[in-house]
A.B. asks: 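Encoded as structure tokens, here's the structure I'll be asking about.
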Amino acid sequence: MGHVIIRACPPAWHFEFRRLVESDLEFFQEWLQRPHVKTWWSSPATVEALRDEYLPAVTHGAARPFLACLDGNPVGFIQYYVVSEGGQAWWSDVAPAGTVGIDQFLADGARLGQGLGTAMVKQFAGQLFLDPDVMQIRVDPSPENVTAIRCYLKAGFRQAEPFTSPDGPALLMVLDRPVVAGA
């Protein structure tokens, strides 16, 4: 009789992404002060400054900020921006038309390393790729942020090149639009 190997399956999280609104700013500011976020994310020091930076983006800014929610509860932040609207200068190459960049974090540091961030990134990327104009998604974590790099690799991103961004050393990572067989 053979041995049976039982492997735990990761939970099937389903995220809803909703636009960041003014009533979110107080707890969003608190998230930004948490050590696992603050280490990698520069942010305004006050809720008022946060309002000035993020709320215009909701309606007409280059970045489009969202909260990632599970069962109606915000668990993370994710935003995207169209590279041709301002992010291009960060990368040394010329991004193809239809390239968007994303930035994200989970609110609870105790949830890191459990697959939640990977699921969030995969689902958000899937939603971005529903737009036929989106051809590529890019991220640029610090080379020292191994948790983020692992998350992006598990979500299907490939490492492209290290570079120096205005924020310091970074690693360009790329996810191309999936090719549909027979298309």
A.B. asks: Among pairs that include at least one residue of residues 65-79, which meet side-chain hydrogen bond (donor to acceptor under 3.5 Å, both in side chains), considering only residues two or more places apart or in two chains?
C.D. replies: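 Pairs touching residues 65-79 that pass the test: Gln79-Asp103.
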A.B. asks: Name all residues meeting the salt bridge (charged side-chain N to carboxylate O under 4.0 Å, His left out) criterion together with Arg18; count only those two or more places apart in sequence or in a different chain, and write none if there are none.
C.D. replies: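 In terms of salt bridge (charged side-chain N to carboxylate O under 4.0 Å, His left out), with neighbours along the sequence ignored, Arg18 is linked to Asp24.
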A.B. asks: Go through the structure and list residues passing side chain to side chain donor-acceptor pair (under 3.5 Å) with Arg34, not counting sequence neighbours.
C.D. replies: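 Once residues adjacent in sequence are excluded, the partners of Arg34 under the side chain to side chain donor-acceptor pair (under 3.5 Å) criterion are Glu30.
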A.B. asks: For Glu144, which residues count as a side chain to side chain contact (heavy atoms under 4.5 Å, CB included) partner, sequence neighbours excluded?
C.D. replies: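 Glu144 satisfies side chain to side chain contact (heavy atoms under 4.5 Å, CB included) with Trp40, Ser142 only.
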A.B. asks: Tell me, please, which residues at least two apart from Phe129 pass ring-ring contact (aromatic ring centres under 6.0 Å, His included).
C.D. replies: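 Applying ring-ring contact (aromatic ring centres under 6.0 Å, His included) to Phe129 gives none.
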A.B. asks: Just to verify, what does Asp131 make a side chain to side chain contact (heavy atoms under 4.5 Å, CB included) with, not counting sequence neighbours?
C.D. replies: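 Asp131 satisfies side chain to side chain contact (heavy atoms under 4.5 Å, CB included) with Asp133, Val134 once adjacent residues are dropped.
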A.B. asks: Do any pairs count as a ring pair (Phe, Tyr, Trp, His ring centres under 6.0 Å) and have a residue in residues 131-156, sequence neighbours left out, and if so which ones?
C.D. replies: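 Of all non-adjacent pairs touching residues 131-156, those that pass ring pair (Phe, Tyr, Trp, His ring centres under 6.0 Å) are Tyr152-Phe157.
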A.B. asks: Name all residues meeting the salt bridge (charged side-chain N to carboxylate O under 4.0 Å, His left out) criterion together with Arg158; count only those two or more places apart in sequence or in a different chain, and write none if there are none.
C.D. replies: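 For Arg158 the salt bridge (charged side-chain N to carboxylate O under 4.0 Å, His left out) partners, ignoring immediate neighbours, are Asp176.
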A.B. asks: Taking side chain to side chain donor-acceptor pair (under 3.5 Å) as the definition, give me every residue that meets it alongside Lys38, ordered by chain and number, with sequence neighbours left out.
C.D. replies: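 Testing Lys38 for side chain to side chain donor-acceptor pair (under 3.5 Å), a comparison that skips the adjacent residues, returns Gln33.
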A.B. asks: With sequence neighbours left out, write down each residue that passes salt bridge (charged side-chain N to carboxylate O under 4.0 Å, His left out) with Glu22, or none if nothing qualifies.
C.D. replies: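 Testing Glu22 for salt bridge (charged side-chain N to carboxylate O under 4.0 Å, His left out), a comparison that skips the adjacent residues, returns Arg51.
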A.B. asks: State which residues pass side chain to side chain contact (heavy atoms under 4.5 Å, CB included) with Leu153; sequence neighbours excluded, sorted by chain then number.
C.D. replies: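 Leu153 satisfies side chain to side chain contact (heavy atoms under 4.5 Å, CB included) with Ile149, Gln159, Met173 only.
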A.B. asks: To the nearest 0.5 Å, tell me how far Leu128 CG sits from Ile102 CD1.
C.D. replies: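 One finds 7.0 Å between CG of Leu128 and CD1 of Ile102.
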